[in-house]
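In each ligand, atom 1 is the first atom listed, and ligand 1 is the first ligand listed. Positions are given from 1, in the same order as the sequence printed here.
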Amino acid sequence: MSLFAALRLPREILFGIGQRHALAKVASRTGRRALVCTDARFAATPVFAEMIAAVEAAGIAVLVHDQTLPDVPRDTVAVCVEAARGFEPDMVIGIGGGSCLDMAKCASLLLAHGGALDDYYGEFKVPAPVLPVIAVPTTAGTGSEVTPVAVVSDPDRILKVGISSPYLIAAAAICDPELTLSCPPALTAVAGADALTHAIEAFTAMRRPGDPQLAQQHVFIGKSDLSDQFALHAIRLLSRSLEKAFTDGSDIDARADVMMGALAAGCAFGTAGTAAAHAVQYPVGAVTHTPHGLGVATMLPYVMTYNRKVAAAEIAIVGRALGLDPTGVESDETLADAAIGEVSRLFAAIGIAPTLARLGLPEDRIDWAAEQALGIGRLIKNNPRPLDPAAMRGLVRAAYDGDLAASAL
Ligand SMILES: NC(=O)c1ccc[n+]([C@@H]2O[C@H](COP(=O)([O-])OP(=O)(O)OC[C@H]3O[C@@H](n4cnc5c(N)ncnc54)[C@H](O)[C@@H]3O)[C@@H](O)[C@H]2O)c1
Ligand SMILES: [Fe+2]
């Protein structure tokens with residue numbers, strides 16, 4: 001197959017210990033008036049005060065919105081935008097977990113184009129550039145600092161919704177592993193597991209012919225040569241250090257690996273997209289109120305097992321990136337099985353629930369969850385092995401029961 005790739009990224013990505021001190025310089029190249037979206041936790045820290053003081057010292061007027069809530073409830077965006085409109089910001093700085101970064105993206109969208117958030121749900125609905133966003137993550141997981149999507153919760157809809165547009169990609173991402181040192185183990189685990197799921201789903205996503213219209217008609221286009229490089233880099237780093245960062249949160253080298261892993265995974269799935277594990281998490285998360293990263297990670301080994309029939313070669317490569325020794329292994333199928341086993345082992349070691357039953361999904365919602373998941377077309381179309389209603393019900397049932405073999409279907 002001839003080489004094909006598409007990649008959409010911020011025009012500047014800064015990564016490393018202490019890089020948060022570059023924020024003021026980056027901001028002063030971006031504009032003069034900054035709306036800063038964060039949450040009450042981070043706004044109360046001396047690190048935040050220091051970052052804002054540096055931005056102000058660079059001559060930039062700052063308005064802080066520190067009311068971001070987890071999962072970005074729809075109407076909280078309108079509140080933020082109303083408060084900021086009179087200030088007339090010319091850039092938005094998001095500092096915090098994925099929720100703060102998504103809040104910054106949504107605020108920059110509404111400040112630039114007006115209207116209501118639900119005008120933009122779906123793909124390619126954003127008509128033109130938004131205010132430039134500078135994204136500074138404090139968790140290592142979502143990759144939102146580099147992706148073209150913002151996820152919000154809408155009280156009128158059961159499932160969370162996404163706004164996907166290349167215009168939502170931040171202008172600059174500043175990733176400083178020191179900002180993740182304060183993450184408690186459970187947050188480190190679910191955020192890092194989300195990142196590993198992004199990387200593996202991006203690497204095993206559908207491969208499509210390199211039609212020139214592909215990236216013009218779809219935000220998420222499936223795997224390609226460049227997204228693959230980022231995905232494998234992410235898998236290597238996360239397998240090397242996620243467990244270490246979970247066990248010893250003060251291990252800055254492990255924190256840096258995990259943050260780079262999350263960033264690289266974001267660079268991969270921001271163009272390649274994710275697939276069935278993410279689709280099933282949407283309804284499961286809606287019913288169980290469990291974190292996004294937990295649900296996708298619970299599903300991942302089952303989805304890999306389902307996909308093994310058509311993607312054994314790719315899953316075997318994932319196995320190598322996970323550090324498995326292929327010497328003496330006879331077939332891709334055998335190495336793929338070992339890779340799935342290693343993902344399950346790692347997730348168990350960091351406290352990821354092994355079944356949907358343990359996540360709290362009621363048994364009588366299995367068919368409903370399967371039906372809802374199948375309705376998320378942008379994720380389902382990206383899964384390498386097609387899913388029909390019976391297959392999806394079987395997959396969700398297998399993940400509920402903890403029956404890995406049954407998920408091969
Ligand atoms: N846009 C994307 O590309 C993308 C991708 C995946 C997930 N998401 C979304 O991101 C959100 C999840 O983001 P998240 O997992 O980063 O969590 P989060 O932003 O929802 O934050 C969860 C909690 O962790 C706290 N927290 C954040 N950083 C911390 C730190 N350094 N120390 C201590 N506590 C800290 C927050 O204050 C909050 O209470 C979900 O809404 C999910 O749907 C978006
Ligand atoms: Fe995710």
Trainee: Could you check whether the rings of Phe48 and Phe42 sit parallel, tilted or perpendicular, using 30° and 60° as the cut-offs?
Mentor: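 Correct class here is perpendicular.
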Trainee: Tell me the contacting part of Val72 for ligand 1: side chain, backbone, both, or neither, using a 4.0 Å heavy-atom threshold, strictly below.
Mentor: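 It is neither part, as no heavy atom is under 4.0 Å.
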Trainee: For atom 3 (O) of ligand 1, what is the nearest protein heavy atom, given as residue, atom name and distance?
Mentor: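 Of the protein heavy atoms, Thr147 OG1, 2.6 Å lies nearest.
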Trainee: How does Asp39 reach ligand 1, by side chain, by backbone, by both or by neither, if only non-hydrogen atoms under 4.0 Å count?
Mentor: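 Side chain only; the backbone of Asp39 stays clear of ligand 1.
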Trainee: Counting both backbone and side chain atoms, is some N or O of Thr139 under 3.5 Å from an N or O of ligand 1?
Mentor: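 Such a contact does occur with ligand 1.
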Trainee: If you measure from CD1 on Ile315 to CD on Glu333, what distance do you get to the nearest 0.5 Å?
Mentor: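 Here the interatomic distance stands at 9.5 Å.
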Trainee: Is there a side-chain contact between Phe347 and Thr298, using heavy atoms and a 4.5 Å cut-off?
Mentor: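 The answer is no; the side chains never approach within 4.5 Å.
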Trainee: Can you tell which part of Val149 has a heavy atom less than 4.0 Å from ligand 1: side chain, backbone, both or neither?
Mentor: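 Looking at Val149 and ligand 1, atoms from backbone and side chain both fall under 4.0 Å.
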Trainee: Is Arg345 atom CZ crowded by more than 12 heavy atoms from other residues, nucleotides or ligands, each under 6.0 Å away?
Mentor: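 Yes, because the 6.0 Å sphere around CZ of Arg345 holds more than 12 heavy atoms from other groups.
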Trainee: Which heavy atom of the protein is the closest neighbour of atom 19 (O) of ligand 1, given with residue, atom name and distance?
Mentor: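 For this ligand atom, the closest protein heavy atom is Ser99 N, 2.9 Å.
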Trainee: As a test of the contact definition, would atom 44 (C) of ligand 1 count as having a protein heavy-atom neighbour under 4.0 Å?
Mentor: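 So far as the 4.0 Å threshold goes, atom 44 (C) of ligand 1 is in reach of a protein heavy atom.
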Trainee: Using the side chain to side chain contact (heavy atoms under 4.5 Å, CB included) rule, pick out the option among Leu359, Thr355, Ile366 that qualifies with Tyr400.
Mentor: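 The side chain to side chain contact (heavy atoms under 4.5 Å, CB included) with Tyr400 is passed solely by Ile366 among Leu359, Thr355, Ile366.
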Trainee: For atom 4 (C) of ligand 1, what is the closest protein heavy atom, and at what distance to 0.1 Å?
Mentor: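 In this structure, atom 4 (C) of ligand 1 has Thr142 CB, 3.9 Å as its nearest protein heavy atom.
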Trainee: Can you count the protein N/O/S atoms lying under 2.8 Å from the Fe ion (ligand 2), leaving waters out?
Mentor: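 Protein N, O or S neighbours of the Fe ion (ligand 2) under 2.8 Å, waters not counted, come to 4.
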Trainee: Output all residues satisfying salt bridge (charged side-chain N to carboxylate O under 4.0 Å, His left out) with Arg29, sequence neighbours left out; order by chain, then residue number.
Mentor: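 Residues passing salt bridge (charged side-chain N to carboxylate O under 4.0 Å, His left out) with Arg29: Glu12.
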Trainee: Do the non-hydrogen side-chain atoms of Met304 and Val343 ever get within less than 4.5 Å of each other?
Mentor: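 Yes, side chains in contact.
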Trainee: Can you tell which part of Asp194 has a heavy atom less than 4.0 Å from ligand 1: side chain, backbone, both or neither?
Mentor: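 Answer for Asp194: side chain.
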Trainee: Just jot down the ligand 1 atoms closer than 4.0 angstrom to any heavy atom of Gly98, in number order.
Mentor: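 Those qualifying, in numeric order: 10 (O), 13 (O), 14 (P), 16 (O), 19 (O).
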Trainee: We want to know whether Ser144 and Asp102 form a side-chain donor-acceptor pair, criterion being a heavy-atom distance below 3.5 angstrom.
Mentor: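 On atom types as modelled, these side chains qualify, holding a pair under 3.5 Å.
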Trainee: Under 4.0 Å from a heavy atom of Gly97: give me the atoms of ligand 1 that qualify, with their elements.
Mentor: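 Those of ligand 1 that fall under 4.0 Å from Gly97 are 16 (O), 19 (O).
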Trainee: Does Arg378 qualify as a cation-pi partner of Phe220, given the criterion of NZ or CZ under 6.0 Å from the six-membered ring centre and within 45 degrees of its axis?
Mentor: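 Output no; distance or angle outside limits.
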Trainee: Tell me whether Gly96 reaches ligand 1 (any heavy atom closer than 4.0 angstrom to a ligand atom).
Mentor: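 No, Gly96 has no heavy atom closer than 4.0 Å to ligand 1.
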Trainee: Would a 4.5 Å heavy-atom cut-off, applied to side chains only, mark Asp257 and Lys244 as touching?
Mentor: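 No. Closest side-chain heavy atoms not under 4.5 Å.
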Trainee: Is Leu179 in polar range of ligand 1, meaning some N or O pair under 3.5 Å apart?
Mentor: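 Min N/O separation from ligand 1 is below 3.5 Å for Leu179.
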Trainee: Tell me, which protein residue and heavy-atom name are nearest atom 39 (O) of ligand 1, and how many Å apart are they?
Mentor: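 The closest heavy atom on the protein side is Pro70 CG, 4.4 Å.
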Trainee: Less than 4.5 Å apart, side chain to side chain, heavy atoms only: is that true for Leu374 and Gln372?
Mentor: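 No; the side chains remain at least 4.5 Å from each other.
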Trainee: Relative to ligand 1, is Thr138 under 4.0 angstrom through side chain, backbone, both or neither, heavy atoms considered?
Mentor: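 Near ligand 1, Thr138 shows its backbone as well as its side chain.
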Trainee: Nearest to atom 26 (N) of ligand 1, what protein heavy atom do you find, and at what distance?
Mentor: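 Ranked first by proximity to atom 26 (N) of ligand 1 is Arg41 NE, 3.4 Å.
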Trainee: For atom 40 (C) of ligand 1, which of Val151, Leu181, Asp71 has the closest heavy atom?
Mentor: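 Checking each option, the heavy atom nearest atom 40 (C) of ligand 1 is found in Asp71.
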Trainee: Ligand 1 and Lys160, any nitrogen or oxygen pair closer than 3.5 angstrom?
Mentor: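 For ligand 1, there is an N or O atom that lies under 3.5 Å from one belonging to Lys160.
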Trainee: Verify whether one side chain among Tyr302 and Asp403 offers a donor that lies under 3.5 Å from an acceptor in the other.
Mentor: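 Short answer, no.
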Trainee: For Phe269, is the nearest heavy atom under 4.0 Å from an atom of ligand 1?
Mentor: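 True for this residue.
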Trainee: Apply the side chain to side chain contact (heavy atoms under 4.5 Å, CB included) test between Leu322 and each candidate in Ile317, Leu335, Ile235; give the one that qualifies.
Mentor: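 With Leu322 as partner, Ile317, Leu335, Ile235 yield a single side chain to side chain contact (heavy atoms under 4.5 Å, CB included), made by Ile235.
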Trainee: With heavy-atom distances below 4.5 Å as the criterion, would you say the side chains of His278 and Thr197 are in contact?
Mentor: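 They are in side-chain contact.
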Trainee: Provide, to 0.1 Å, the distance between atom 22 (C) of ligand 1 and the closest protein heavy atom, together with that atom's residue and name.
Mentor: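 Here the nearest protein heavy atom works out to Leu187 CD1, 4.3 Å.
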Trainee: Under a 4.5 Å cut-off applied to non-hydrogen side-chain atoms, are Ile17 and Ile252 in contact?
Mentor: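 Yes - at least one pair of side-chain heavy atoms lies under 4.5 Å apart.
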Trainee: Does the structure place the NZ or CZ of Lys160 under 6.0 Å from the centre of the six-membered ring of Tyr282, at an angle of no more than 45° from the ring's axis?
Mentor: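 Verdict for Tyr282: no cation-pi partner in Lys160.
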Trainee: How far is atom 9 (C) of ligand 1 from its nearest protein heavy atom, and which residue and atom name does that atom have?
Mentor: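 Answer for atom 9 (C) of ligand 1: Asp102 OD2, 3.7 Å.
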Trainee: Using heavy atoms and a threshold below 4.0 Å, how should the contact between Tyr282 and ligand 1 be classified: side chain, backbone, both, or neither?
Mentor: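 Neither part.
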Trainee: Got the closest protein heavy atom to atom 32 (N) of ligand 1, with its distance?
Mentor: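 Answer, as residue, atom name and distance: Ser182 OG, 2.8 Å.
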Trainee: Could you grab the distance from atom CG of Leu294 to atom OG1 of Thr288, nearest 0.5 Å is fine?
Mentor: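 So the CG of Leu294 and the OG1 of Thr288 are separated by 8.0 Å.
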